[in-house]
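Read through the structure below, which is laid out as structure tokens, and then see the notes.
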Amino acid sequence: MTPLDQAKQRINTLRNEIDQHNYRYYVLDDPQITDQHYDQLMRELQALEAEYPQWVSADSPTQRVGAIVEGPFATVEHEVPMLSLDNAFGEDEMEAFNKRLADRVDVDDTLEFCAEPKLDGLAVSLLYRDGRLVRAATRGDGRKGEDITANARTLKSVPLKLVGASPPSLVEVRGEVYMTLSGFDALNAQQRSNQKKVFANPRNAAAGSLRMQDPSITASRPLVFCAYAIARLEGMDLPVTQYQQMQRVKQLGLPISAHIETVDGVDGCAAYYQKMLQQRAQLPYEIDGLVFKLNPVDQQRQAGFVSRAPRWAIAWKFPAQEVQTRLLDVEFQVGRTGALTPVARLDPVLVGGVTVSNATLHNMDEIERKDIRIGDTVIVRRAGDVIPEIVSAVLSQRQKGAKQAVMPDTCPVCGSEVSRAEGQAAYRCNGGLVCAAQRKEAIRHFASRKAMDIEGLGEKLIEQMVDLGMVASIADLYHLELEQVSGLERMAEKSATNLLRALDKSRQTTLSRLIYALGIREVGEATAEALARYFADLEPLMKATVEQLVEVDDVGPVVADSIRHFFDQDENREVIDRLLAAGVEWPPIEKPAGDSERLAGKTYVISGTLENYTRDEASARLKALGARVSSSVSKKTSAVIAGDKPGSKIDKAQNLGVAVLDEAAFEQLIGVHDDET
DNA sequence: TTGCCTCGAGATCA
DNA sequence: CTCGAGGCAA
């Protein structure tokens with residue numbers, strides 16, 4: 001053997017050994033060598049690869065840290081959507097979950113679940129082709145996420161190469177990237193000694209670390225991957241239970257939870273819950289609950305999905321951490337529509353790793369119901385992990401001075417009268433656009449991304465412009481001059497030019513964006529879209545009667561009234577005139593043609609849950625073909641599309657002699673082929 | 001609702 | 001260096 005061959009062989013040996021040690025450490029949790037020894041192997045490999053650069057390959061353990069990728073992360077589409085999980089808080093809700101499944105699944109026995117802790121990190125998808133890691137992505141909105149391959153490659157618990165001689169041609173593994181508690185502490189100690197900012201909690205540290213532009217920073221962060229599902233598998237048989245699937249994942253060389261096990265029925269789930277609750281404090285990472293998945297895959301199939309989550313899985317959450325603090329004050333925030341929302345100002349407290357100082361109290365009824373007073377000691381928690389909520393007041397600690405929060409009778413911002421409409425919970429400032437708060441909110445909404453998308457026009461800028469009287473309404477935005485804008489705080493010539501350019505760009509818009517941007521009460525993105533489609537232009541919408549408006553899908557009498565009322569106001573019509581005069585325009589909406597007319601004149605009703613479509617999706621498919629989708633069955637209904645668990649609509653359809661289509665017939669109707677599901 | 005990163009650009013200081 | 005805006009995640 002030549003020295004060259006020897007070197008090549010040694011390189012291969014080293015790579016295999018290092019991969020093997022990673023596998024032993026991260027997957028089997030059974031390291032066989034010391035860190036020093038591992039580093040030594042690494043250094044030897046690096047030296048050899050430096051000497052023979054022609055043999056460096058992308059999946060060598062030395063090649064985890066790649067180059068900096070400039071600019072934003074690329075978007076990737078999830079072929080199989082990354083769904084969320086339904087939550088349960090307590091055994092009752094687990095019972096309900098179990099019962100729902102038992103009704104749906106064709107089994108008489110106790111249901112078997114695959115159980116594991118729910119790690120508190122962020123969801124990531126790893127895609128391997130022919131055993132090589134080719135893509136890593138964040139969850140995003142579930143359909144589209146961000147490509148974070150370069151960063152994911154730096155995690156040693158993420159194999160660049162799968163184990164085994166004949167890996168599947170394609171496998172997509174989903175899991176959680178998290179930070180261990182000790183890793184988090186060490187990182188923060190290091191941050192502190194480098195005079196850098198410390199992270200608030202392991203989850204945010206993990207999320208931030210994965211979004212770094214420079215992979216070498218990600219590499220220095222103590223991130224770990226743990227798989228929890230196979231999303232796709234090709235070129236290999238998929239095991240028939242969740243548990244076995246996870247064992248397969250482990251065989252392929254990816255780490256899975258050390259606590260995964262199968263349990264029987266709600267009793268089994270409850271026992272597992274108790275056990276993990278005991279262990280929780282000793283675990284080296286944070287968990288916020290447990291996940292239970294129906295174990296047999298064929299039963300999962302029978303259970304199916306609801307719109308955003310599988311019906312066959314649930315997250316049994318641990319009780320949210322509750323903390324006491326003082327309610328310092330209740331302030332009233334004026335929203336875009338003038339609604340006055342009470343907001344609690346709290347003495348800042350740490351709740352689950354995040355400082356909470358504000359919490360919405362929703363409305364006065366809620367304050368009364370909970371009998372919360374200013375000065376009270378209150379119990380705060382983060383509901384659904386995110387939104388802070390005041391659970392209750394600690395009555396035993398109520399001081400003499402505790403004051404009732406009182407809805408002001410005049411608007412705190414503009415002094416206009418405040419009133420409560422019949423039968424509504426909300427109090428409103430009647431100042432309309434006289435009210436600076438409403439003006440600011442209206443402009444903010446107008447400029448927002450889903451509306452006119454005016455880049456650079458943020459809260460602080462709007463604040464300044466309204467306070468200085470530069471803009472009173474959205475129409476004034478288009479008359480701003482460079483000199484005015486460049487006089488504002490933090491706005492020099494460059495920023496001002498950019499803002500004017502962004503404003504100019506926003507003149508070219510779409511009808512639905514404009515309708516949404518106007519901020520008509522009750523008209524959100526979807527309604528704006530429906531109105532634009534139906535009326536195809538602004539004129540007819542402005543003139544439409546309430547009777548015409550309710551003809552539009554999803555527009556009822558309340559929304560119709562609100563729209564009519566909006567266009568009846570002189571000031572609103574004037575604002576629209578000025579917007580149009582300023583050059584706001586949109587491409588004409590073409591009447592659908594060809595295939596998009598195929599179902600014109602037909603009306604469908606959807607009942608129950610479809611396997612492969614949410615109701616919105618199904619109704620969008622039908623509408624795209626020119627059909628109408630209605631919510632109640634009448635003689636005029638062309639057919640009822642019945643999914644799982646259809647309601648009384650089916651009976652009604654049968655009484656009226658209206659056709660009923662199952663999901664397969666529905667797919668045929670909309671022209672879906674087998675390869676499109 | 002909060003925390004994190006990134007970008008562009010203004011502010012500040014040498 | 002610091003700030004505002006924007007985007008993302010739970």
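Since the structure is predicted, the reported quantities are computational estimates derived from the model, not experimental observations. Numbers restart at 1 for each chain; the letters A, B, ... are given by sequence-line order, proteins then strands.
- A ring-ring contact (aromatic ring centres under 6.0 Å, His included) with A/F97 is found for one member of A/F292, A/W316, A/F113, A/W312 and no other, namely A/F113.
- Of the possible donor and acceptor atoms, none in the side chain of A/R135 sits under 3.5 Å from a partner among the backbone N and O of A/T149.
- Note: CG (A/L503) to P (C/dA5) measures 14 Å, nearest angstrom.
- Salt bridge status for A/R100 with A/D86: present, with a side-chain N to carboxylate O gap under 4.0 Å.
- We find that CD of A/E463 is positioned 10 Å from P of C/dA5, with the value rounded to whole Å.
- Whole-Å rounding puts the A/E389 CD to B/dT1 C1' distance at 13 Å.
- Between the CG atom of A/L457 and the P atom of C/dA5 there is a distance of 8 Å, given to the nearest Å.
- If you check residues 346-367 of chain A against DNA chain C, you find no residue with a heavy atom closer than 4.0 Å.
- The side chain of A/N498 places an N or O atom within less than 4.0 Å of a non-bridging phosphate oxygen (OP1 or OP2) of B/dA9.
- A donor atom on one side chain and an acceptor atom on the other are found under 3.5 Å apart for A/E172 and A/S125.
- Residue A/R449 is classed as a sugar-phosphate contact, given heavy-atom separations below 4.0 Å to backbone atoms only.
- Both A/E70 and A/I387 lie near DNA chain B, and the one whose nearest nucleotide falls closer to the 5' end is A/I387.
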| field | Full working for salt bridge (Lys or Arg N to Asp or Glu O under 4.0 Å) between A/R345 and A/E331 | value | CA-CA 7 Å; A/R345 303 292 175 209; A/E331 286 174 18; 3.0 Å; yes
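- Looking at A/D467 and A/K440, a side-chain N of the basic residue comes within less than 4.0 Å of a carboxylate O on the acidic one, giving a salt bridge.
- At whole-Å resolution of the value, CD1 in A/I148 and C1' in C/dA9 are 12 Å apart.
- Between A/Q213 and B/dC7 there is a side-chain polar atom (N or O) within less than 4.0 angstrom of OP1 or OP2.
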| query | Which is it for A/R507 and A/D504 under the salt bridge (Lys or Arg N to Asp or Glu O under 4.0 Å) test, yes or no, and what are the steps along the way? | reply | CA-CA 6 Å; A/R507 287 185 163 101; A/D504 200 37; 2.5 Å; yes
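- A/D120 comes within 4.0 angstrom of nothing in the nucleic acid, heavy atoms only.
- In the set C/dG4, B/dT1, B/dC5, B/dT1 carries the atom at the smallest distance from any side-chain atom of A/V386.
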| said: Apply salt bridge (Lys or Arg N to Asp or Glu O under 4.0 Å) to residues A/K460 and A/E489 and explain how you reach the verdict. | reply: CA-CA 9 Å; A/K460 298 276 170 177; A/E489 248 173 76; over 6 Å; no
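- Between A/Y178 atom OH and B/dC4 atom C1' there is a gap of 21 Å when expressed in whole angstrom units.
- Remark: A/K144 NZ is loosely packed, at most 12 non-hydrogen atoms of other residues, nucleotides or ligands lying under 6.0 Å away.
- Residues from residues 488-496 of chain A with heavy atoms under 4.0 angstrom of DNA chain B, sorted by number: A/R490, A/A492, A/K494, A/S495.
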